[in-house]
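Below is one structure, written out as structure tokens; the observations come after it.
Side-chain atoms are counted along with the backbone in the values below, which use heavy atoms only and exclude waters and symmetry mates. These figures come from a predicted structure and were not determined experimentally.
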Amino acid sequence: MKRSHRPPTLLSISCALLLAVPALAPFAQAEVDPVESYNYVVGTQTFSPSYQFTDEPWLVETAKRMLEMGSNSIKLRMGWKPADNISEISPPAKSMADLAARDPRIKAVLEMPFYHYFFWTTPLGDPQGKQLEGKRKEVNYKEMFELTQYLLTTYNGTGKTFYLGQWEGDGLFAKSSHKYIPTEEETRDAIEWANNRQKAIDDAKKATPHENVEVLYYVEVNYVWDARNKKPRMTNAVLPHAPVDYVSYSCYEAVDDKDMSRLKQALNFIEEHAKFTPREGIESKRIFIGEFGFPAYKFNPEEQADWTRATLRAGLEWGCPFLQYWEMYNNEVKNGKQLGYWLINDKNEKTPVYLVLENFLKQARKYVGDFHAREGRVPTFDEYRKEAMKWLE
């Protein structure tokens, strides 16, 4: 009798995963402090820095600098080239979940007192990031499912939230070109890609018992102004057909006027086109600024601080739940010169922008702590952001 050789369905993959993933040792739980775990909105990130000052892995070093600054959020890479070519673990990780479980640098950061983690997620089984064709779709689903299951199980009860997304979606969709027009097939693939990743996370959450830990999905966009000009981009061609938990905006194109009118217009445009999953307990809007920054080769230190304050004020006024500065240590060097996307420069000096963020977080923690002691609860998001705008005057 001839046997059928149909490819496995996503449902069969998810069922197999439940049987295949071994029991995971949960992270040591403790009562979660509502002040420590509060979303303070403002944070930064760490990717491939061009310098460091200790013998620790740069990922651990920069994470510690974030904690010293007062942040309880961090953004980093989880997936393809996870260590940015720093000595890989042995044997090599086979998936993102395997990486999270065995890479000592990533494990160290996951066990630090951060409560909001943002990951660029690219499955190790799909090293070029082309998740939309045949087996690549299955690999993408499988690794997002497994990573979600690992995080929910290992950090159950810790109050941590993990946001799984990617870097600048229009870089893939529009091939990093303002002139390129994606084909209809490429548009269908991008829609399927976003829906597939969201489904993997949702399926894993349904299949995994968990409490006081969360995993959410985001898509990042970066050519919003092209979309406003009627070109097919992630915002207008993909988001209306792919409900997601959050949308991130890498907003360099829209932070060139001090009143930030272009930024607010772009955020409004994203909001008009995005579709979101039904989620209980989310008070804020679901569009955040995943990248912004003002490099030293274009701005002097005082200008960097002024433009940063303007961006933070505008984001809070609009209602962004997260505002993430690029980045702790600079990662771009041209002709031997640091371009200066930094909070701490290559001389180990804290820049005026660092002090803006540090002062903001210091006042934020005091406000939330005092509010909690007085009211017996932490402030709502709107209560917090309206007060927070005063700290940036």
Side-chain angles (χ1 to χ4, degrees), residues 24 26-30 32-33 36-47 57-67 69-80 82-84 93 95-123 143-144 146-167 197-198 200-201 204-205 208 210 212-220 244-248 279 282 284 286 288-291 320-328 361:
L24 304 169
F27 185 66
Q29 297 183 22
V32 178
D33 186 328
E36 288 299 315
S37 61
Y38 191 80
N39 172 24
Y40 293 105
V41 178
V42 172
T44 188
Q45 43 209 306
T46 180
F47 294 91
W58 62 258
L59 180 59
V60 174
E61 178 180 329
T62 51
K64 288 182 177 179
R65 302 302 290 265
M66 293 182 201
L67 293 174
M69 189 177 70
S71 180
N72 67 358
S73 70
I74 184 172
K75 188 159 78 171
L76 64 154
R77 192 190 307 273
M78 177 74 77
W80 182 54
D84 297 273
S95 68
M96 293 188 291
D98 188 25
L99 183 74
R102 292 198 298 114
D103 189 306
R105 298 152 294 193
I106 290 176
K107 280 183 66 64
V109 173
L110 290 173
E111 294 177 4
M112 289 180 185
F114 292 107
Y115 289 91
H116 303 276
Y117 291 82
F118 298 83
F119 294 125
W120 289 352
T121 47
T122 303
E143 290 204 30
M144 294 293 279
E146 286 181 338
L147 178 59
T148 300
Q149 187 178 49
Y150 174 81
L151 294 171
L152 291 176
T153 304
T154 307
Y155 300 99
N156 188 43
T158 62
K160 294 176 183 282
T161 300
F162 303 93
Y163 304 82
L164 312 185
Q166 93 295 329
W167 174 63
R197 287 161 69 90
Q198 179 73 64
I201 292 171
K205 287 162 69 172
T208 309
H210 61 280
N212 202 14
V213 62
E214 181 63 283
V215 178
L216 298 164
Y217 177 58
Y218 72 88
V219 166
E220 184 168 89
V244 294
D245 293 326
Y246 282 89
V247 175
S248 171
R279 290 283 182 264
I282 297 179
S284 66
R286 299 224 225 153
F288 64 90
I289 294 177
E291 276 192 45
C320 291
F322 304 101
L323 301 164
Q324 298 169 325
Y325 193 88
W326 183 272
E327 59 175 310
M328 180 54 76
L361 291 166

Worksheet item: Within the distance-only criterion (no hydrogens, no angle test), does the side chain of Gln45 pair as donor or acceptor with the backbone N or O of Gln324 below 3.5 angstrom?
Response: yes

Item to complete: Inspect the surroundings of CH2 in Trp167 and state if more than 12 heavy atoms from other residues, nucleotides or ligands are less than 6.0 Å away.
Response: no

Worksheet item: So which heavy atom on Ala100 is nearest to which on Met78, and how close?
Response: CB-CE, 3.8 Å

Worksheet item: Looking at CD of Glu291 and CG of Leu323, how far apart are the two atoms once the value is rounded to the nearest 0.5 Å?
Response: 13.0 Å

Discussion item. Pair Thr161, Tyr117 - check side-chain contact (heavy atoms from CB on, under 4.5 Å), show working.
Written reply: CA-CA 6 Å; Thr161 300; Tyr117 291 82; over 6 Å; no

Worksheet item: So which heavy atom on Glu220 is nearest to which on Ser248, and how close?
Response: OE2-OG, 2.7 Å

Worksheet entry | CG-CG distance between Leu151 and Leu110, expressed to the nearest 0.5 angstrom | 7.0 Å

Worksheet item: Taking side chain as C-beta onward, heavy atoms only, is Tyr163 less than 4.5 Å from Glu214?
Response: no

Practice prompt. Locate the shortest heavy-atom distance separating Ser73 from Val42; write the atom from each residue and the value.
Written response: OG-O, 4.2 Å

Worksheet item: For Leu152 and Val215, which heavy atoms make the closest approach, and how far apart are they?
Response: CD2-CG2, 3.7 Å

Worksheet entry | Interatomic spacing from CZ in Arg77 to CZ in Phe47 - rounded to 0.5 Å | 6.5 Å

Worksheet item: Of all heavy-atom pairs between Tyr155 and Thr158, which one has the smallest distance, and what is that distance?
Response: O-OG1, 2.7 Å

Practice prompt. For the pair Asn72 (side chain) and Tyr38 (backbone), establish whether a donor and an acceptor sit closer than 3.5 Å, ignoring hydrogens and angles.
Written response: yes

Worksheet entry | Distance in Å, Tyr218 OH paired with Arg286 CZ, rounded so as to fall on 0.5 Å steps | 16.0 Å

Discussion item. Given 3.5 Å as the limit, does a donor-acceptor pair link the side chain of Gln166 with the main chain of Thr122, or not?
Written reply: no

Item to complete: State, yes or no, whether a side-chain contact exists between Leu147 and Phe162 at a heavy-atom distance under 4.5 Å.
Response: no

Discussion item. Measuring only between side-chain heavy atoms, which start at C-beta, is Tyr115 closer than 4.5 Å to Asn39?
Written reply: no

Worksheet item: Can you find a pair of side-chain heavy atoms, one from Val60 and one from Met112, that are under 4.5 Å apart?
Response: yes

Worksheet entry | side-chain contact (heavy atoms from CB on, under 4.5 Å) between Val41 and Cys320, worked out | CA-CA 8 Å; Val41 178; Cys320 291; 5.7 Å; no

Worksheet item: From His210 NE2 over to Lys205 NZ, what is the distance, rounded to the nearest 0.5 angstrom?
Response: 6.0 Å

Discussion item. Using side-chain heavy atoms (C-beta onward) and a distance below 4.5 Å, is Asp98 in contact with Tyr150?
Written reply: no

Discussion item. If I compare all heavy atoms of Pro321 with all of Tyr246, which pair ends up nearest, and what's the gap?
Written reply: CG-CE2, 4.0 Å

Practice prompt. Please lay out, stage by stage, how Phe118 and Phe288 fare under the test ring-ring contact (aromatic ring centres under 6.0 Å, His included).
Written response: CA-CA 12 Å; Phe118 298 83; Phe288 64 90; 5.5 Å; yes

Fill in: Straight-line distance of Ser284 OG to Phe322 CZ, nearest 0.5 Å
6.5 Å

Fill in: side-chain contact (heavy atoms from CB on, under 4.5 Å) between Arg279 and Leu216, worked out
CA-CA 10 Å; Arg279 290 283 182 264; Leu216 298 164; 3.8 Å; yes

Worksheet item: Should Val109 and Thr46 count as side-chain neighbours, where that means a heavy-atom distance under 4.5 Å?
Response: no

Worksheet item: Okay, side chain of Arg197, backbone of Thr121: is any donor-acceptor separation there less than 3.5 Å?
Response: yes

Worksheet item: Does the side chain of Thr208 come within less than 4.5 Å of Thr148's, by heavy atoms?
Response: no

Worksheet item: Heavy-atom distance under 4.5 Å between the side chains of Met96 and Met144, does that happen here?
Response: yes

